[in-house]
Amino acid sequence: MDQAPGSPQGPQDQGHQDAQALPTCYRHPDRETGVRCTRCERPICPECMISASVGFQCPECVRTGSGTGHAPSASQPRTLAGGTVAADPRLLTKVLIGLNLAVFLVQQAVGDRFTDRFDLIGRAYVPLLGSVEGVADGQWYRMLTAMFLHGSYVHILFNMLSLWWIGGPLEAALGRARYLALYFVSGLAGSALSYLLAAPNQPSLGASGAIFGLFGATAVLLRRLKYDMRPVVALLVINLIFTFNPAFNIAWQAHIGGLVAGVVVGYAMVHAPRERRALIQYGVCAVVLALVVVATLVRTAQLT
């Protein structure tokens, strides 16, 4: 409603209007709330909130998920992003950690020759391989394989701890398919920006691009749920300080590329309207991947 002339709006009126904008609990219409069930997204008041692995759920969704209720088949439990609720919400995170550890063990067993064959490099002569190598020579697979290589025990330790801490809750909130799409799109975006901006003879490797994408998506998710964002923002700032510190010789391009992609894809995952949710979510992933391809083609043309 427009404000009448000559009737200035005081702080109490403003606060009253802000409160009126809040939805009311679906079980207690007289109680306003800013919290929604992470499965069905219905507004729930403190009395109806039941703590879950990520956020809060309403009593109906908890009964449906535990098998004690008699909900209709149409109300299959869904994550906040529309994915299927899994019995083990951290399964893919465990698989990704296992793959990274397995590849690192192969690196230690085989040596630098294995790493030089699969890390990310634009175009350069590699003495150990005795040939000119790089993405510009058609070795596009390096943009993916570099995501599973690590340069030291400290490197993989920090990355896997971050993946476990950030990835597990995010997988539970998004569902497996959406989480996997976010991880690989962010990692490839990091590889693409590194390939585009870094020197062609500068090798890079690590899961950091994908993990920075998870950081970005987690920040978007916490804002969507109205949670305290300070811990994840503080951790992200610390990581960015290390990223741009010349003493650590970190490929900042991969970190920034993954972070930006994670924020964009994460926003689409948690804010897409329910009626067109999958189309928007995977459509945004496709757009980001298209930009990855364009950046790769542009850089390849420059180097060849």
Side-chain angles (χ1 to χ4, degrees), residues 38 53-55 79-81 89-90 92-94 96-97 100 120 146-152 154-175 178-194 196-198 204-271 281 284-285 288 291-292 295:
T38 56
S53 58
V54 176
T79 66
L80 175 68
R90 288 178 177 260
L92 286 184
T93 300
K94 296 173 184 176
L96 289 170
I97 291 175
N100 278 278
L120 177 62
M147 293 166 50
F148 293 92
L149 300 173
H150 289 84
S152 67
V154 174
H155 189 197
I156 193 168
L157 175 63
F158 276 100
N159 273 352
M160 294 305 101
L161 287 175
S162 298
L163 179 54
W164 177 255
W165 185 65
I166 294 289
L170 195 57
E171 180 183 350
L174 299 182
R178 290 163 175 80
Y179 172 72
L180 201 61
L182 169 68
Y183 185 89
F184 279 101
V185 169
S186 298
L188 289 172
S191 294
L193 193 63
S194 184
L196 181 66
L197 300 180
S204 63
L205 70 173
S208 301
I211 293 172
F212 264 75
L214 300 186
F215 269 116
T218 298
V220 172
L221 175 64
L222 293 179
R223 187 174 184 276
R224 166 73 171 76
L225 295 174
K226 296 181 171 62
Y227 285 3
D228 185 2
M229 295 177 58
R230 286 175 294 183
V232 71
V233 170
L235 187 59
L236 182 58
V237 169
I238 292 172
N239 275 275
L240 288 174
I241 291 174
F242 281 110
T243 296
F244 288 101
N245 189 329
F248 294 99
N249 193 29
I250 293 175
W252 62 266
Q253 300 91 341
H255 291 193
I256 299 303
L259 177 63
V260 172
V263 170
V264 172
V265 173
Y267 191 91
M269 292 293 180
V270 303
H271 287 283
Q281 290 170 336
V284 169
C285 289
V288 176
L291 293 175
V292 167

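Heads up: numbering here begins at 1 and tracks the sequence.
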How far does [atom1] of [X] sit from [atom2] of [Y], to the nearest 0.5 angstrom?
{"X": "Leu235", "Y": "Leu240", "atom1": "CG", "atom2": "CG", "answer": "10.0 Å"}
{"X": "Leu196", "Y": "Gln253", "atom1": "CG", "atom2": "CD", "answer": "9.5 Å"}
{"X": "Asn100", "Y": "His155", "atom1": "CG", "atom2": "NE2", "answer": "9.5 Å"}

Please give me the minimum heavy-atom distance between [X] and [Y], naming the atom from each residue.
{"X": "Val220", "Y": "Tyr267", "answer": "CG1-CA, 3.6 Å"}
{"X": "Val288", "Y": "Ala261", "answer": "CG1-CB, 4.2 Å"}
{"X": "Ala268", "Y": "Val284", "answer": "CB-CG2, 3.6 Å"}
{"X": "Met147", "Y": "Ser191", "answer": "CG-OG, 4.2 Å"}
{"X": "Ala207", "Y": "Met160", "answer": "CB-CE, 4.4 Å"}
{"X": "Thr79", "Y": "Ala172", "answer": "CG2-O, 3.4 Å"}

Cys285 and Met269: side-chain contact (heavy atoms from CB on, under 4.5 Å), yes or no, with the steps? CA-CA 10 Å; Cys285 289; Met269 292 293 180; 3.8 Å; yes
Result of checking [options] against [X] for side chain to side chain contact (heavy atoms under 4.5 Å, CB included):
{"X": "Phe212", "options": "Val263, Ile256, Leu236", "value": "Leu236"}
{"X": "Ile97", "options": "Ile156, Asn159, Leu161, Leu163", "value": "Leu163"}
{"X": "Leu174", "options": "Leu80, Leu221, Val270, Val265", "value": "Val270"}

Counting N and O atoms only, with roles assigned by atom type, does the side chain of [X] sit under 3.5 Å from a partner on the main chain of [Y], one being a donor and the other an acceptor?
{"X": "Glu171", "Y": "Leu92", "answer": "yes"}
{"X": "Thr218", "Y": "Leu214", "answer": "yes"}
{"X": "Thr93", "Y": "Trp164", "answer": "no"}

Run the side-chain contact (heavy atoms from CB on, under 4.5 Å) test on Val260 and Leu193 for me, step by step, so that the C-alpha distance in whole Å, both residues' side-chain angles and the decisive distance to 0.1 Å come before the verdict. CA-CA 11 Å; Val260 172; Leu193 193 63; over 6 Å; no
Please say whether more than 12 non-hydrogen atoms of neighbouring residues, nucleotides or ligands are located less than 6.0 Å from CZ in Arg90.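 Counting neighbours around CZ of Arg90, more than 12 heavy atoms of other residues, nucleotides or ligands fall under 6.0 Å, so yes.
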Ile211 versus Phe158: any side-chain heavy-atom pair under 4.5 Å?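 They are not in contact (no side-chain heavy atoms under 4.5 Å apart), so the answer is no.
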